[in-house]
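The sequence lines fix the lettering, A, B, ..., with proteins before strands; numbering per chain opens at 1.
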Number of protein chains: 2
Amino acid sequence: MPVETTTEDQRLDALFTALGDSTRRDIIARLSAGEATVKELAEPYAMSMQAVSQHIRILERSGLISRGRHRQTRPCRLEPTVLADAVSWIEESRRTWSERMDRLETRLAALQKGESQ
Amino acid sequence: MPVETTTEDQRLDALFTALGDSTRRDIIARLSAGEATVKELAEPYAMSMQAVSQHIRILERSGLISRGRHRQTRPCRLEPTVLADAVSWIEESRRTWSERMDRLETRLAALQKGESQ
DNA sequence: GGGTTATTCAAGTTGACGCTTGATAAAGCA
DNA sequence: TGCTTTATCAAGCGTCAACTTGAATAACCC
């Protein structure tokens, strides 16, 4: 039986997939103000609580939220360090792009200055 | 005929969905080093060029890349300003969370200092 | 124990993804 | 004009996401 391994790619897949739905982004935004139960989270939406429960499962799978137990509730709380992973990936990509643009600017400046060749 | 409107939610849906696949993230990383054609982008992968073409369509839909025409090729180039939208959303969420943590810290500090009530 | 409350499980529908293969279009080259 | 290259279109297949409704679980309250 293979060891349950999770690659960096799979983690980012789950993370960005979790962010790719407006209901889930809304839930994250609301959790950034503090913990909430499934019932509380489901309250504002037209959909069933079961549907919200499934959204929460996808958020939990991504690591963006974790859950506790309190009486008969399973309160959700944001795990904001995971959001940093998403920003890291994006910034890394943008960094490479910036370096390329810097090189282009340097060459353009050299061309304008020298004008020779 | 309704005007073709795109909400902020829909834009973020398309953006994060586009980022939610490792092949597409890899394509973005490679495009951050410069333009490339579909054939060039498809080269390293085991999948068909048609499959890569569909990944590119999803990236284009999100606004992350744009395309030109040159001879019989349709070169792809990164549109990095769109990546900033993703970071903006995440940072906004984290900002709210930070404020909440600051308030908690303030209250904890006050409790430790005063110790009264 | 019996009834409410909070949540999940299970099954089914609809639609979108991720891929395939085969056909088609359009530009370049002999 | 034909042959090749580049890319898309189109149909089909399997999986998964996003919901639904109904049933089950589990903790609390009388």
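Atom CG of L19(A) and atom C1' of dA17(D) are 16 Å apart (whole Å). As rounded to whole Å, 14 Å separates atom C1' of dG18(C) from atom CG of L59(B). The separation between I27(B) atom CD1 and dG18(C) atom P is 11 Å, rounded to whole Å. Distance CE (M47(B)) to P (dC13(D)): 21 Å, rounded to an integer number of Å. Atom CZ of R74(A) and atom P of dA26(D) are 12 Å apart (whole Å). The distance from atom CG of D26(A) to atom P of dA18(D) is 15 Å, rounded to the nearest whole Å. Whole-Å rounding puts the L41(B) CG to dA7(D) P distance at 9 Å. Atoms CG (D13(B)) and C1' (dA18(D)) sit 12 Å apart, rounded to a whole Å.
Applying the side chain to side chain donor-acceptor pair (under 3.5 Å) rule to R61(A) yields no partners; only residues at least two apart in sequence or on another chain are considered. Residues meeting the side chain to side chain donor-acceptor pair (under 3.5 Å) test with Q50(A), sequence neighbours left out: none. Residues that satisfy the salt bridge (Lys or Arg N to Asp or Glu O under 4.0 Å) test with E91(B), not counting sequence neighbours, are R94(B). In this structure, the side chain to side chain contact (heavy atoms under 4.5 Å, CB included) partners of Q54(A), at least two apart in sequence or on a different chain, are R57(A). Scored by the side chain to side chain donor-acceptor pair (under 3.5 Å) test, Q72(B) finds no partners at all (sequence neighbours excluded). Among residues two or more places apart in sequence or in another chain, the side chain to side chain donor-acceptor pair (under 3.5 Å) test is passed with R95(B) by E92(B), E99(B).
Contact annotation for R67(A): backbone-only contact, meaning every heavy-atom pair under 4.0 Å involves sugar-phosphate atoms and none involves a base.
Phosphate proximity of dA7(D) to S53(B): absent, as no side-chain N or O sits under 4.0 Å from OP1 or OP2. The shortest distance between the side-chain N/O atoms of S48(B) and the OP1/OP2 oxygens of dC19(C) is not below 4.0 Å.
Legend: salt bridge (Lys or Arg N to Asp or Glu O under 4.0 Å) pairs involving residues 8-19 of chain A, not counting sequence neighbours, sorted by first then second residue: E8(A)-R11(A), D9(A)-R25(B), R11(A)-D85(A), D13(A)-R25(B).
With hydrogens and angles ignored, the 3.5 Å screen pairs no side-chain donor or acceptor of S93(A) with any backbone N or O of I90(A).
Of all nucleotides listed (dA7(D), dT8(C), dC19(C)), dT8(C) comes nearest to the side chain of M49(A). Listed candidates were dT8(D), dT7(C), dC19(C). Nearest to the side chain of T73(A) is dT7(C).
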Under 3.5 Å, which protein N or O atoms sit close to an N or O of nucleotides 24-30 of chain C? Give each pair with its distance.
| residue | atom | partner | partner atom | Å |
| --- | --- | --- | --- | --- |
| dG28(C) | O4' | Q72(B) | NE2 | 3.4 |

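L19(A) places a side-chain heavy atom less than 4.5 Å from the side chain of W89(B).
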Pair up each side-chain donor or acceptor in residues 32-48 of chain A with any protein partner under 3.5 Å, not counting sequence neighbours, and list the distances.
| residue | atom | partner | partner atom | Å |
| --- | --- | --- | --- | --- |
| S32(A) | OG | A29(A) | O | 2.5 |
| E35(A) | OE2 | R77(A) | NH1 | 3.1 |
| T37(A) | OG1 | E40(A) | N | 3.2 |
| E40(A) | OE1 | T37(A) | N | 2.9 |
| Y45(A) | OH | D26(A) | OD2 | 2.6 |
| Y45(A) | OH | R30(A) | NH1 | 2.9 |
| S48(A) | OG | A51(A) | N | 3.2 |

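With rounding to the nearest 0.5 angstrom, the CD1 atom of I28(B) is 11.5 Å from the NE2 atom of H55(B).
Contact detail for T17(A) and R24(A): the closest heavy-atom pair is O-NH2, 3.1 Å.
Remark: T37(A), V38(A), K39(A) in residues 30-40 of chain A come within less than 4.0 Å of DNA chain C through at least one heavy atom.
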* Taking protein heavy atoms under 4.0 Å as touching, what does nucleotides 9-17 of chain C look like 5' to 3' if B marks base contact, S marks sugar-phosphate-only contact and - marks none? -> B-------S
